[in-house]
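Please read the structure below before turning to the comments.
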Amino acid sequence: MVWHSNPVLREWLKEHANVSQLDNLKWMYYVINKSPWSCLDENEAFLTTADSAVKLLPEATKPITGWKGVQYRAAFPMLKPSGANFYPPDMDKMEFKLWTTGLSLDKQKDATSFFTVIKRHSQVNWDNHIFDSTHLSEGSTHDLYSIPYSQEYHPFLTRVSDLLHKAGDLVSSPSLKRLLHSKADAFLSNDYYDSDIAWMELDSKLDVTIGPYETYEDSLFGYKATFEAFIGVRDEKATAQLKLFSDNLQVLEQNLPMDDTYKSKDIIAAPIRVVQLLFNAGDVKGPQTIAFNLPNDERIVKDRGTAMVILKNVSEAKFKQILNPIADACIAKEQHELVDFESFFTHTICHECCHGIGPHTITLPDGRKSTVRLELQDLHSALEEAKADIVGLWALNFLIKKHLLPTSLEKSMYVSFLAGCFRSVRFGLEEAHGKGQALQFNWLLEKEAFVFHPNETFSVNFDKVEEAVESLSRTILTIQAKGDKEGASLLLQKYCTMTKPLKVALQKLESIHVPVDIAPIFPVAKSLLE
């Protein structure tokens, strides 16, 4: 889904992986990024122009902006396609808007659906140059059309569906059996509603998440979902300890720092599952997720809320291998002891909870019903990640004041968050979490809630941090509630920058070789797959 010739490039790199140590490193880093662009380096191409695996056509159907294939003899554009492989590579936002404006409401929903690909009637078959007119309908006046995932990826999804049905026949857990069979059906019907409800109601020792969910890859609009899979073992003890958060979502919603007009009165408690990860695949490239809150389908969020999965062993690995060394290098000595795993992990949980509160389905100033995702488009992911982070801090403070969380978190949550800022910004300002983190760090620095010292370390100003967190929470929540894309753009333009303090911190971490992220190895899964 990243790029139309990605599978061919992947096979070519895999085939040449044993030619030399350099070729092996290229293959290993490709596996981490799932493409020739580095997620941790602003999507910069990391392969050389000689790494060509695809026969180049002498002509394209239309000029493709930024395409350097012929000039540089490379099999890929130097710039990562913003629309991934969800849209024609030469389509821009204006063409899409002109097309969708003339569609019926149902066809518009198909065009902006999570689960459709946009193609051209005049699309050339890149393998044999045969004109594809199979979707050209009588009376069609536009070159673009939408096609469901179940049709576009039919050979792959048919195989996966068959395997899921077989797995469903083998398991004894009723809820897991229901999930596997319903997800198998969804892959072929393109209707994921029932299978996502089954996922939310999963009550099994073996925890399975599979399907098209996150929209980060679609940086053109943020509409299209990519496939992912997570398999883990439920940590029952840790899961039981987290009931506090799901039980208080409605209380948090009603006290959010935004106008009461925008608040929902029917927030549904979100199930939280803590899992020890055994395997992941699909859209898990670059920064490894430590938790996720799903589904993103606004219909389900409105009807049933969301559920969240926390990957505890991944969180522990990141804290030990990354956050501790960051704290040693960047946090002022007098606050260093306030960076701890409990605060880091608790904020991760609250971050995921806060994806489930705040604006989702909204009413625009002209009275139209819409969603935050549709209105903010490509800016939605970064702003939503920033919202979950900063409102998560606000929520922790609220719960502490209500005596629902220990006061020991009162200072450590802010200092652990400060250390975490440097961890996430290193993912790059092209990545949603990195972009959202830069916004928060620079806002808090401007409000003097974070302090940059002459010795190039940082600390939290406890007298100002609470007010600064609340003001940024209010700003983001209000932009989302109004569907204000211009406001979102201005906010990100101003604060999503690599300021001098950030540069100093990142250069220091680079000089002492603190890893940017982890690359999990799954020996159990590997032994089963070999």
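Given the structure is predicted, the values throughout are model-derived calculations rather than measurements.
Residues Ser113 and Asp110 bring no donor and acceptor atom of their side chains to less than 3.5 Å of each other. Remark: the Glu342 side chain and the Thr346 side chain contain no N/O donor-acceptor pair separated by less than 3.5 Å. Counted by atom type alone, Ser343 and Asp340 present one or more donor-acceptor pairs between their side chains at under 3.5 Å. For the 3.5 Å distance criterion, the side chains of Asn293 and Thr306 qualify, holding a donor opposite an acceptor. Between the side chains of Asp378 and Ser219, no donor-acceptor pair of N or O atoms lies under 3.5 Å. There is a side-chain donor-acceptor pair under 3.5 Å between Asp389 and His351. Glu214 and Asn296 share a side-chain donor-acceptor pair at under 3.5 Å. A donor-acceptor contact under 3.5 angstrom links the side chains of Asp196 and Tyr213, judged on distance only.
Results of the side-chain contact (heavy atoms from CB on, under 4.5 Å) test with Phe319 over Ile326, Val339, Ile290, Thr348 single out Val339 as the only residue that passes. The only option from Glu44, Glu42, Glu217 that meets the salt bridge (Lys or Arg N to Asp or Glu O under 4.0 Å) definition with Lys80 turns out to be Glu217. Just one residue in the list Asp207, Val233, Val524 forms a side-chain contact (heavy atoms from CB on, under 4.5 Å) with Leu278, and that residue is Val233.
Under the 3.5 Å distance criterion, the side-chain polar atoms of Ser161 are matched with a main-chain donor or acceptor of Ala184. Side-chain atoms of Asn455 come within 3.5 Å of backbone atoms of Thr457 as a donor-acceptor pair (strictly under, hydrogens ignored). Between the side chain of Arg10 and the backbone N or O of Trp27 there is no donor-acceptor pair closer than 3.5 Å. Judged by distance alone, the side chain of Thr158 and the main-chain N or O of Pro155 form no donor-acceptor pair under 3.5 Å. Remark: side-chain polar atoms of Asp191 are not paired, donor with acceptor, to backbone N or O of Ala186 under 3.5 angstrom. Proximity of a side-chain donor or acceptor of Ser189 to a complementary backbone N or O of Asp185 within less than 3.5 Å is detected.
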Output, in order, the C-alpha distance, side-chain angles, deciding distance and verdict of side chain to side chain contact (heavy atoms under 4.5 Å, CB included) for Tyr216 and Glu385.
-> CA-CA 11 Å; Tyr216 303 127; Glu385 291 304 327; 2.7 Å; yes

Could you go step by step and tell me if Met91 and Leu144 meet the side chain to side chain contact (heavy atoms under 4.5 Å, CB included) rule?
-> CA-CA 9 Å; Met91 188 206 80; Leu144 299 177; 3.8 Å; yes

Assess whether side chain to side chain contact (heavy atoms under 4.5 Å, CB included) is satisfied between Met308 and Cys353, documenting all intermediate values.
-> CA-CA 7 Å; Met308 61 196 74; Cys353 285; 3.6 Å; yes

Steps toward salt bridge (Lys or Arg N to Asp or Glu O under 4.0 Å) verdict (Lys119, Glu152) | CA-CA 10 Å; Lys119 306 189 83 170; Glu152 177 71 2; 3.2 Å; yes

Go through the steps for Val425 and His433 under the test side chain to side chain contact (heavy atoms under 4.5 Å, CB included), then give the verdict.
-> CA-CA 8 Å; Val425 168; His433 298 79; over 6 Å; no

Where do Gln276 and Lys312 land on the side-chain hydrogen bond (donor to acceptor under 3.5 Å, both in side chains) test, with the steps shown first?
-> CA-CA 6 Å; Gln276 302 289 349; Lys312 190 172 185 181; over 6 Å; no

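Around atom CD1 of Ile521, no more than 12 heavy atoms belonging to other residues, nucleotides or ligands sit under 6.0 Å away. Other residues, nucleotides and ligands contribute only 12 or fewer heavy atoms inside 6.0 Å of the CD atom of Glu510. Within a 6.0 Å sphere centred on NE2 of His165, heavy atoms belonging to other residues, nucleotides or ligands number more than 12. Around atom NZ of Lys205, more than 12 heavy atoms belonging to other residues, nucleotides or ligands sit under 6.0 Å away. For Met498, the CE atom counts as densely surrounded, since its 6.0 Å shell holds more than 12 non-hydrogen atoms of other residues, nucleotides or ligands. Counted within 6.0 Å of NZ on Lys93, heavy atoms from surrounding residues, nucleotides or ligands total more than 12; the atom is thus considered enclosed.
When side chains are defined from C-beta on, Gln288 counts as touching Lys318, because their heavy atoms get closer than 4.5 Å. Between Leu40 and Tyr29 the shortest side-chain heavy-atom distance falls below 4.5 Å. Val208 places a side-chain heavy atom less than 4.5 Å from the side chain of Leu179. Between Phe292 and Ile310, the closest side-chain pair of non-hydrogen atoms is not below 4.5 Å. Considering only heavy atoms from C-beta on, Tyr193 stays 4.5 Å or farther from Ser195 through its side chain. Taking the side chain as every heavy atom from C-beta outward, Leu9 and Leu47 approach each other to under 4.5 Å. In this structure, Leu277 and Ile231 have side chains that are not in contact, with every pair of non-hydrogen atoms separated by 4.5 Å or more. With contacts defined as side-chain heavy-atom distances shorter than 4.5 Å, the pair Pro36/Asn6 qualifies.
If you take NZ on Lys435 and CD on Gln440, they are separated by 14.0 Å, rounding to the nearest 0.5 Å. The structure places CG of Asn190 at 9.5 Å from CD of Gln151, a figure rounded to the nearest 0.5 Å. Atom SG of residue Cys496 and atom CG of residue Leu439 lie 7.0 Å apart, to the nearest 0.5 angstrom.
Annotation: His121 is in aromatic contact with Tyr145 [ring centroid separation under 6.0 Å].
Closest of all the heavy-atom pairs between Pro501 and Leu445 is CG-CD2, 3.6 Å. Closest of all the heavy-atom pairs between Cys330 and Leu509 is SG-CD2, 3.8 Å. Nearest heavy-atom pair across Pro325 and Val514 is CB-CG2, 3.8 Å. Between Gly168 and His181, the shortest heavy-atom distance links the atoms C-NE2, 3.4 Å. Listed here is the closest heavy atom pair of Arg234 and Leu202: NH2-O, 3.3 Å.
Ring pair Trp3/Trp37 is perpendicular by interplanar angle, where above 60° counts as perpendicular and below 30° as parallel. By the 30° and 60° cut-offs, the orientation of the rings of Phe227 relative to Tyr149 is tilted. Ring geometry for Phe96 versus Tyr87: interplanar angle over 60°, hence perpendicular rather than tilted (30 to 60°). The aromatic rings of Phe450 and Phe417 sit tilted relative to each other, their planes meeting at an angle between 30° and 60°. Between Trp99 and His142, the two ring planes are tilted [angle within 30° to 60°].
Arg373 pairs by the salt bridge (Lys or Arg N to Asp or Glu O under 4.0 Å) definition with Glu298, not counting sequence neighbours.
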